[in-house]
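As the structure is a computational prediction, the values presented were derived from the model and not from experiment. A, B, ... follow the sequence lines: proteins, then strands. Residue 1 opens every chain.
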2 protein chains.
Amino acid sequence: MKTRAAQREETRARIVEAALKCFSERGFLGASTREIARRAGENQGLITYHFQSKEELWRAAVDQIFGKLKAELGELPALLPSEDRRARARASIRAFVRFAAAHPELFRLMMWEGTCDEPRMQWIVDVHLRPFYEGPGFGDVADDELKPHFHYVLAGAASIIFAVAPECRRLTGLDPTSSEAIERHADFVAGLLVP
Amino acid sequence: MKTRAAQREETRARIVEAALKCFSERGFLGASTREIARRAGENQGLITYHFQSKEELWRAAVDQIFGKLKAELGELPALLPSEDRRARARASIRAFVRFAAAHPELFRLMMWEGTCDEPRMQWIVDVHLRPFYEGPGFGDVADDELKPHFHYVLAGAASIIFAVAPECRRLTGLDPTSSEAIERHADFVAGLLVP
DNA sequence: GTCTATAATTAGATAGAC
DNA sequence: GTCTATCTAATTATAGAC
């Protein structure tokens, strides 16, 4: 017998999960609450009940996926080899690539919202992105002037192939979500950025 | 005194230019023909007159921006130093980064459409992307297995910082469209991929 | 060629039954 | 909590005046 609170959380979770997929595939404007409800197997009216608006639902979806990133990166230091600084940097980049492969939605969402200087972008940057950018990071960047370049090169190099996986399959024949492709990509990116 | 044909082309060009910006910023679904017409300073009815549908207008916009890429890359070999193979590869990557800085719309459009296996993505890949992918390329990739990875690492590393320029400004304080930032990014990416 | 008016569809949000 | 029905506004595409 499920409690009312548990039932509530399950429904919310199903809606957030479907919303994350829709928003990341179609963008905030392109995604419709009706399609989100349909993919969640729930009713459209429930979205307004559990979240007040489409915008609130979008924020819940972004919170969820950044929560996963934070959790995965938070437990990273304990798993890394402590010997070599460069080996640690490479290992953390490989972990980041694996995260991008497992959760391309985050990077799709960022691409959608990063192109315009509007409230949704400002919220994402201030709430979720800045702590990440100013955190420990992946190895040290020699020159402070290079930090933004390093950040976006890593973000782009690590994630695009997974963010546009359907395109990659059609263009190259390679399924980037296969475990061999993920590991090859992780090695390639880590080797480039920490030679 | 302008001819009727010239007038026609000017109007079409204004609409296509506005469409490129709207589609790249809001995606196909998120962009409205009304906003496109408004930004072009034209009437909404004219879009249906000059292009039959929103989809046709989208294709015209994509044709235009890929035409620029083809033109810029086509005249590249003549401009490159002929001595050193690695120096030539670095120079062509720098040129690609400069193109991404000047025309972020192309990369935004690709991100929008690459995430779903739908007709618009298939059309872009078959008509525009495949010739580019199977063309001469930027230097040789040692291993054929690495070619897709090299392609998407280059595409991501070169373009993301410009595609999400507003986000980059807010997050890092750096304006990636400044000529210093563009050159620094070009040097950084070329140095990484051709060490 | 250009513009206005409008038809047909779909969107997000609301109200109320259960 | 969930679901159906509906309101208002916005969408693409069309028809026809000029």
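Across all strands shown, A/A31 has heavy atoms under 4.0 Å from sugar-phosphate atoms exclusively, and none from any base. Across all strands, A/Q52 comes closer than 4.0 Å to no nucleic acid atom at all (heavy-atom distances).
Aromatic ring pairs are classed by plane angle as parallel below 30°, tilted from 30° to 60° and perpendicular above 60°; the pair B/F150 and A/F188 is tilted.
Cation-pi check for B/K54 over B/F28 is met; the charged atom lies under 6.0 angstrom from the ring centroid and within 45 degrees of its normal.
Taking atom CD1 of A/I36 as the reference point, atom C1' of C/dG12 lies 11 Å away to the nearest angstrom. What separates CD of A/Q7 from C1' of D/dC3 is a distance of 14 Å, to the nearest Å. Atom CG of B/L46 and atom P of D/dA15 are 17 Å apart (whole Å). C/dT2 atom C1' lies 13 Å from atom CD1 of B/I47, rounded to whole Å.
Both A/R34 and A/H50 sit near DNA chain D, but only A/H50 has its closest nucleotide nearer the 5' end. Nearest-nucleotide mapping onto DNA chain C: of B/A5 and B/G45, the residue sitting toward the 5' end is B/A5.
Note on B/T48: every side-chain N or O is 4.0 Å or more away from OP1 and OP2 of D/dT14. Of the side-chain N and O atoms in A/T33, none sit less than 4.0 angstrom from OP1 or OP2 of C/dA13.
Of the candidates D/dT4, D/dT2, C/dT2, the closest approach to any side-chain atom of A/T11 belongs to D/dT2. Side-chain atoms of A/Y49 lie closest to D/dT2 of the nucleotides D/dT2, D/dC3, C/dT2. Comparing C/dC3, D/dG1, C/dG12 by their closest approach to the side chain of B/E42 singles out C/dC3. If you check C/dC3, C/dA11, D/dT4 against the side chain of A/S32, the one that comes closest is C/dA11. The side chain of A/K54 approaches C/dG12 more closely than any other nucleotide in the set D/dA13, C/dT2, C/dG12.
The pair A/E9-A/R14 does not count as a salt bridge, with every side-chain nitrogen at least 4.0 angstrom from each carboxylate oxygen. A salt bridge links B/R26 with B/E35: the closest approach of a Lys/Arg side-chain nitrogen to an acidic carboxylate oxygen falls below 4.0 angstrom.
With hydrogens and angles ignored, a donor-acceptor pair under 3.5 angstrom links the side chain of B/Q44 to the base of D/dA13.
Shown here is A/R85, whose CZ atom has no more than 12 heavy atoms of other residues, nucleotides or ligands within 6.0 Å.
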